[in-house]
Amino acid sequence: MSGWWARQRYLLDYASASLWRRKGRNLVLWAIFAALVFILGSVILFGSAIRREAALVLRDAPDVVAQAMRMGRHDMALASDIAKLKSVRGADRIEGRLWGYLYDTSTDANYTLQTPSAHAPDLALQKGEAIVGEGVARLRKLSEGKHLFLVSPAGRLLKAKVKKVLSPESALVSSDLVLVSAEDFRAFFELAPDQFTDIAMRVRNPSEVGTVSGKGALALPHYRFITRANMARTYEALFSWREGLLLAIATGAILAFAILAFDKASGLSAQERREIGILKAIGWETSDIIRMKLWEAGLISVSAFVAGMTLAYLHVFAMSAPLIETVLKGWSTLYPRFALTPHVDALQVTTLAFLTLLPYIAAVLAPIWRTASADPDRVMR
Amino acid sequence: MIELQGVSKIYRQGRSNEIAAVCDLDLTLQDNRVTVLKGPSGSGKTTVLTIIGCLARPTQGRVLLDGEILSGLPEKFLAEVRRRTFGFAFQRFNLIAGLTAFENIVLPAYPLAPRFDTLKARALELAETFGVAHRLDLNVDDLSGGEMQRVAVARALINDPRVVIADEPTANLDSERAAQFLDIVATLKARGKTVLMTSHDPRIWSANVVDRVVEMADGRIVEAA
Amino acid sequence: MTRVRAIERGSSAVFVLAAALAGGAALAIAHGVWRGGDTTRFEATRALAEGAGLTDLALFTEARYARHPAMADLHSAFQDGPLSFEHFPSGALVAPARDFPAAGLRNGGAR
Amino acid sequence: MILHPPILALTLAALVSAGALVAASAFAVRLLGRWNLASGAQSQIDLEKRTYLVAVALRFAMAVEIAALVLFVFNADRMSAMFVGAMCAVGALNASVYGFPALFAKIALFFGASLWLAADIVDARGRDYPLTRWKYGLLIALAPLALAEAGLTIAYFLDLKADTLTSCCGKLFTSDRPTIASEMAGLDPRMALGMLYGGFGVVLAGAALARRSARARPLYGVVSLAFFAVALAAVVSAISLYVYEHPHHHCPFCLLKREYSYFGFLLYAPLFAGAALGASAGALGLVRTPASLAHAMPAILRRMVVLSALGFAGFVLVATWAIARSGLILTG
């Protein structure tokens with residue numbers, strides 16, 4: 001074993017000297033590789049972090065949401081339907097939710113108006129009070145005690161005193177949120193007292209969620225029942241899909257890079273060819289040359305991968321990914337400001353290693369062999 | 001002892017421009033002798049060197065090293081024999097540009113993976129012997145022609161080979177350097193090495209240190225002295 | 001006797017560089033483990049999500065399915081397909097959610 | 001098809017390694033017709049040169065396959081979130097009929113490639129490359145397996161639909177249906193552990209015998225494969241229970257999860273290494289020792305047998321440690 005390592009170390013000596021001698025060209029290759037890993041790594045790290053956020057945030061979301069449907073469209077839920085649902089066994093804590101969107105012309109942003117759940121005493125609101133999210137506060141320059149003015153599409157005015165600005169930490173779910181009392185909400189949107197946007201349910205036994213929503217669907221056939229697992233899966237699919245889309249686009253870049261590497265490895269100068277001939281003449285063997293060349297390729301690719309990945313980590317988690325956020329997160333006037341919680345997923349890193357190292361090594365393998373199998377008697381001719 | 005029996009070497013075999021560089025050649029080299037192959041260029045002497053030095057396999061015939069048949073060996077084992085048995089000094093020195101003199105000298109030892117201390121000591125000793133110790137950490141491009149040759153000879157000896165093979169060693173040297181080279185050959189012979197050279201330099205053929213001159217033409221031996 | 005000034009092995013330099021890179025990566029991983037374990041933000045967010053009954057992230061707030069991609073109105077106008085989101089900047093990149101509702105459209109999404 | 005980065009990566013890996021094997025076996029066909037080491041002709045020299053490329057490409061493909069095997073299981077575990085009813089890799093693999101066949105093809109290819117690699121290492125020690133024909137014959141036999149593996153992997157990914165109802169490991173490893181998995185899980189843990197330790201005794205005895213006698217080596221190959229099966233059965237029926245500290249959780253895949261601090265890797269790595277080394281030594285033991293390998297080949301095979309036994313010992317040690325550490329007491 002020590003003999004093996006001594007030999008590898010000598011090959012490494014030569015490989016490093018050889019890389020150094022052609023530092024200009026190798027540095028360019030390294031930089032392109034590292035940049036590629038950096039971009040792809042940023043995408044992957046960002047994607048996995050935001051999926052984790054979504055998963056953790058949704059862990060306490062309602063188990064089931066029931067939406068009334070009318071001619072295939074979302075319709076208002078009625079208080080009488082809530083009463084019907086209450087008879088379903090296993091369903092627990094059923095309440096009508098009031099939420100809606102408001103396009104605010106003064107800031108060109110969409111707000112989500114909502115009433116807090118009756119089961120959240122710290123969010124309880126009196127008439128004329130509001131709790132706003134971080135984004136709304138930012139756009140409207142609001143702070144605690146100031147007044148928020150909203151105009152409904154029908155021209156109704158809502159004036160509410162800001163009771164609290166939600167902490168920026170929760171911006172990912174609350175950025176566009178305006179919480180008002182049910183009374184204000186109904187008056188603002190001209191809603192009848194027995195109307196709700198939809199119905200949120202909790203189910204006592206988590207394994208019963210499917211059964212309960214099935215029974216609910218029997219009781220209320222014109223409703224659709226959306227379980228939390230559905231929502232989680234949608235998010236998982238959504239971000240995976242975005243990531244996959246970006247990677248599919250990036251496949252072109254990877255391919256171009258592999259071609260570049262192939263070209264670099266096969267386009268040997270006469271000088272290099274002669275060097276290989278010399279090495280073989282003085283006693284090196286084809287497999288020594290191949291190993292030495294693999295060390296070169298390995299040094300370039302693995303170090304570029306590690307460097308690119310480390311930079312991607314910094315980019316995403318220390319700088320909130322300025323270069324890719326518009327593509328991956330979407331954009332809007334009211335975009336939540338949040339720093340992602342670092343999360344490095346071994347699966348994702350391995351995947352990226354597969355997607356970048358594998359094409360590179362595969363592309364240089366044949367040229368390396370062709371170089372290494374040069375005839376040793378070439379130097380004498 | 002090295003024996004060639006009925007050796008032929010055909011380049012570009014099977015193509016219209018095939019060349020028979022060596023035809024049906026028999027040659028025996030005794031240990032600890034200095035042999036020179038002479039002849040015009042294209043006479044096949046360099047090809048003989050490559051076959052003896054295990055750089056190429058003969059198309060036909062047998063090569064024996066101390067009775068062991070080398071001609072049927074695959075490249076992996078030829079390379080083993082090569083680094084164990086032969087040291088090479090080439091016509092154009094064939095040093096690797098961009099590496100230091102030290103790195104060039106130790107290159108043949110890399111696949112054998114000796115301890116680095118041992119290797120370094122040995123390289124220093126050889127460099128002392130050939131008067132290039134003070135140039136070891138210079139890039140070989142910065143050496144003079146004579147220094148380059150001495151580095152090349154030191155490189156040929158780093159694995160302590162039994163046979164030293166030199167291709168036109170004095171072709172690029174002035175008389176003084178050529179004389180110095182013959183001194184080196186004498187040193188090698190005194191150390192018990194076998195030396196095989198090609199040359200069309202009369203200074204070499206007539207040198208005292210040379211035991212035998214073999215003349216070649218058109219891939220055949222025409223006169224052996 | 002002349003001494004050779006500095007004979008260094010190329011691999012030593014490689015080891016130093018490799019150690020530096022590995023150190024950087026290790027710092028990033030350590031940072032990730034250290035900060036990733038910090039769940040105070042999640043706790044705050046989860047409490048709010050539960051209290052207000054929120055089901056979606058506040059991303060994509062500009063389109064008609066605003067704010068609630070997981071619960072979008074299935075038959076929004078101007079759609080290419082019954083399950084695709086409308087053409088709006090982020091909508092262009094959001095996949096049609098095939099598993100939504102999980103049992104398809106036939107029974108109104110009931111499972 | 002779910003467009004998902006690990007799926008892209010795995011598809012790429014499958015295509016690359018199958019491509020390498022198919023190209024190599026096309027070369028193997030050519031080689032088998034023309035190989036004559038004694039010849040100094042240019043065509044023979046070209047053939048020899050190309051064997052270097054094949055050796056490097058196959059080592060690369062094998063490294064890719066091992067990494068892909070890990071990634072495949074890992075990814076299946078992660079994807080389980082997308083399927084109704086799936087809790088871990090089992091559910092995701094069950095979501096398509098091609099899931100488990102793809103996994104088994106990957107494992108089979110791993111063993112086949114290890115055998116080829118072992119043959120290559122042994123062969124390179126003989127001055128006349130005596131095993132070349134055998135080795136390239138094996139390569140031709142491996143190519144369909146590699147194609148099948150790539151085909152199954154891609155078919156599996158194409159067949160996946162996020163909506164599929166699947167079952168979790170709890171269903172697969174319960175004994176109410178007579179499947180191999182449920183048979184394995186239904187095994188009495190004490191008996192399974194008895195078989196494990198008894199089997200390990202047989203392995204040790206076999207290794208000791210195979211170290212001395214060349215004729216025992218094929219037998220040892222059989223013993224290693226049998227022990228591999230026994231070990232997997234023991235994992236399903238007993239060891240996993242101890243790791244999860246739950247009397248009914250039988251899944252061999254959940255072990256690879258972060259929740260169990262990737263314990264499965266520690267457990268499976270020496271087992272797979274031991275089985276691959278043992279089986280390869282056994283298969284090579286069937287080959288008559290060529291004259292040029294009279295010294296080298298038995299020495300290498302002996303070393304493979306010893307390493308294989310060490311691998312199995314590592315597995316047994318890790319398993320024993322898991323049992324000793326566990327808070328669960330089974331049928332005490």
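As the structure is a computational prediction, the values presented were derived from the model and not from experiment. Lettering follows sequence order; numbering is per chain, from 1.
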Which of the residues [options] is involved in the greatest number of heavy-atom pairs with chain C at under 4.5 angstrom?
{"options": "A:Pro116, A:Ala118, A:Pro62", "result": "A:Pro62"}
{"options": "A:Trp295, A:Tyr10, A:Trp20", "result": "A:Tyr10"}
{"options": "A:Ala61, A:Ala15, A:Ser16", "result": "A:Ser16"}
{"options": "A:His119, A:Arg52, A:Arg228", "result": "A:Arg52"}
{"options": "A:Ser117, A:Ala200, A:Ala120", "result": "A:Ser117"}

[X] [atom1] to [Y] [atom2] distance, which is reported to the nearest 0.5 Å:
{"X": "A:Ser167", "Y": "A:Glu134", "atom1": "OG", "atom2": "CD", "answer": "9.0 Å"}
{"X": "A:Arg9", "Y": "A:Asp13", "atom1": "CZ", "atom2": "CG", "answer": "6.0 Å"}
{"X": "A:Lys164", "Y": "A:Leu123", "atom1": "NZ", "atom2": "CG", "answer": "5.5 Å"}
{"X": "A:Asp198", "Y": "A:Trp99", "atom1": "CG", "atom2": "CH2", "answer": "6.0 Å"}

Please state whether the side chain, the backbone, both or neither of [X] comes within less than 4.5 Å of a heavy atom of chain C.
{"X": "A:Ala17", "answer": "neither"}
{"X": "A:Arg202", "answer": "side chain"}
{"X": "A:Leu311", "answer": "neither"}
{"X": "A:Tyr14", "answer": "neither"}

Should A:Met69 and A:Pro221 count as side-chain neighbours, where that means a heavy-atom distance under 4.5 Å? no
Heavy atoms, side chains only, cut-off 4.5 Å: are A:Val64 and A:Val212 in contact? no
Short side-chain to backbone donor-acceptor contact, A:Asp104 and A:Asn110, under 3.5 Å: no
Within the side chain of A:Gln114, is there an N or O that forms a donor-acceptor pair under 3.5 Å with the backbone of A:Val180? no
Whether the A:Glu296 and A:Ser18 side chains hold a donor-acceptor pair (N or O, under 3.5 Å, no angle test) is what I'd like checked. yes
Assess the side chains of A:Thr197 and A:Arg97: does a donor N or O sit below 3.5 Å from an acceptor N or O? no
Just to be sure I understand the criterion: a residue of residues 24-33 of chain C counts if one of its heavy atoms is under 4.5 Å from a heavy atom of chain A. Which ones qualify? C:Gly24, C:Ala25, C:Ala28, C:His31, C:Gly32
